[in-house]
2 protein chains.
Amino acid sequence: MPLEAPGTVEKAIDILFHLHSEPAPCGVTQIGRALDLPKSTAHRLLASLARRGLVEGDERGRYRPGLGLVALGLGVLDRDPVVALARGPLEDLAERLGETVFLTAARRGRIAVLDKVEGRGFLRATPRVGEEVPIHSTAVGKLYLAHAPELVSLPSGTLRRFTPRTLTQRSQIERAVKEALSRGYAENREEWIPGLVVIAVPILRSRQMVGAIAVAGPSASLAKTDTPRSVAALVRAAARIAGQLAGKSQ
Amino acid sequence: MPLEAPGTVEKAIDILFHLHSEPAPCGVTQIGRALDLPKSTAHRLLASLARRGLVEGDERGRYRPGLGLVALGLGVLDRDPVVALARGPLEDLAERLGETVFLTAARRGRIAVLDKVEGRGFLRATPRVGEEVPIHSTAVGKLYLAHAPELVSLPSGTLRRFTPRTLTQRSQIERAVKEALSRGYAENREEWIPGLVVIAVPILRSRQMVGAIAVAGPSASLAKTDTPRSVAALVRAAARIAGQLAGKSQ
DNA sequence: TATCTTGTTCCGATATTTGGAACAGTGAGA
DNA sequence: TCTCACTGTTCCAAATATCGGAACAAGATA
């Protein structure tokens, strides 16, 4: 089985993600080369996407992601009750701590950023809502491994080393996960991005982990001695979100 | 020519928009009925969409929009320089005026909301980022008809009457557009939604209209006598955005 | 001007989508 | 508890829409 071929729809979606990853509008030939599609195929797929507004083509034949994607993407966030309930607490936290605070959740075995409020520092973390984060080298990843390992899938094989401090051995990660479980929070001190420190706590609804909130900033601002203060604030906010979540419907 | 049939990709996109418009997750049969697709076709298209994360299916076979859409949708906004530059002024305006302020732009002949900052009132306007607004019955629509009629396409035939105050005759609209052009701003007093008043000004970069910012609120809060104050604040903000826009690149 | 590019269109071959039908699992109602 | 109606899923032959090479027109480049 030589890697089953993607269908028509999948190719079209691949074009969307490619346009998303490119900073500038792309031409048909360029897209075809990047995704290994004949020019005419790329052209036809782009025409279909353009008819529905998912891409926009200028008069020169360059294409870029279209406004139709905005409505669809924002709709996903509006639909999620956790995002709605977390918005206020996130703003409070960012105000109090002065650093960037964000909300994450696991979907399809991966972890994505669902919302954020940026801090006030000249040097500050700026996660992108909708993007994924690795599992083995982040604070929220460790939390999921601790509280809901069935919701995330750690890549098999060797784990990627992002920085000198990245934990790449399973035994190291196991130890960190156990620590996260017993302490109730997880840390990531420059294990993913040099200079970046993240402290995260889980949002637990009746023992089930439905997400995590975290504070992120430069290592100088989130020193180890300050950790208890950040953790306390995060835990309070997470409890508030979980409480409102329990009130809502189920 | 009996209304050419949509291709595979278009059908898949139609499914995305249908899921977006439904508040609850949908089953295969339900989607098939709504879009006139056989069950098996809907199922296969959903499988393709799910493989790329644009939809998520639960264990019961219900499908809903997926997280992949978030990254794509937010990416569109990040890419747009007007959105980035308008963010600050929008927040200032919302703070000063106390009402909801939003940014719109024309794409593909239609007008969409690109960003918003909501006001503080218990009763306040809550536009949805990414959604479209009508042209003939909104303040921003009149602005586009005045400054860049080639960018928007007024529907042919009779214009839809949303409220008793909606202008449905071309001559009425022409007069309103001329007024908007001469005064530099446009108003919409309950012409689209009962009780909703909007005041909008264009963002002009070297005589070209690249968007509009507007303040929206209940008619009681945006009385006619207050209009000059709102207009002045909006005009200042629009000029600031346009100025920074001129500085950036071209 | 000559020579590359580019985006777009065309059209026959074929692989992919299509959609009816059968299957299996679930939930409601008797 | 049994039944029935309804789901979502899978299968497969038929048909058709996709595919992709080639030709075309329009710019950009040298």
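Chain letters run A, B, ... following the sequence lines, proteins first and then strands; every chain starts at 1.
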Around atom CZ of Arg128(A), are there more than 12 heavy atoms of other residues, nucleotides or ligands at under 6.0 Å?
no
Of all of residues 55-63 of chain A, which get a heavy atom below 4.0 angstrom from DNA chain C, listed by number?
Arg60(A), Gly61(A), Tyr63(A)
Identify the two heavy atoms, one from Pro81(B) and one from Leu245(B), that lie closest to each other, and give their separation to 0.1 Å.
CB-CD1, 4.4 Å
Proximity of His136(B) and Phe162(B) rings by center, below 6.0 Å
yes
Got more than 12 heavy atoms from elsewhere within 6.0 Å of CD, Glu91(B)?
yes
What are the two closest non-hydrogen atoms of Arg170(B) and Gly157(B), and how far apart are they?
NH2-O, 2.6 Å
What distance do Leu143(A) atom CG and Ile213(A) atom CD1 have between them, rounded to the nearest 0.5 Å?
10.5 Å
Is it the case that over 12 heavy atoms from other parts of the model lie below 6.0 angstrom from the CZ atom of Arg110(A)?
no
Quick check on Arg160(A): does its CZ atom have over 12 non-hydrogen neighbours (other residues, nucleotides or ligands) under 6.0 Å away?
no
More than 12 heavy atoms from other groups under 6.0 Å of CD on Glu131(A)
yes
Starting from P on dA17(D), measure out to CD on Glu10(B) and report it in whole angstrom.
12 Å
Atom CZ of Arg64(B) to atom C1' of dG8(D): distance rounded to whole Å?
17 Å
Should we say atom CG of Asp58(A) is surrounded by more than 12 heavy atoms from elsewhere, each under 6.0 Å from it?
yes
Is there a residue in residues 20-27 of chain A whose heavy atoms reach under 4.0 Å of DNA chain C, and which residues are they?
Gly27(A)
Residues from residues 29-46 of chain B lying under 4.0 Å of DNA chain C - heavy atoms
Pro38(B), Ser40(B), Thr41(B), Arg44(B)
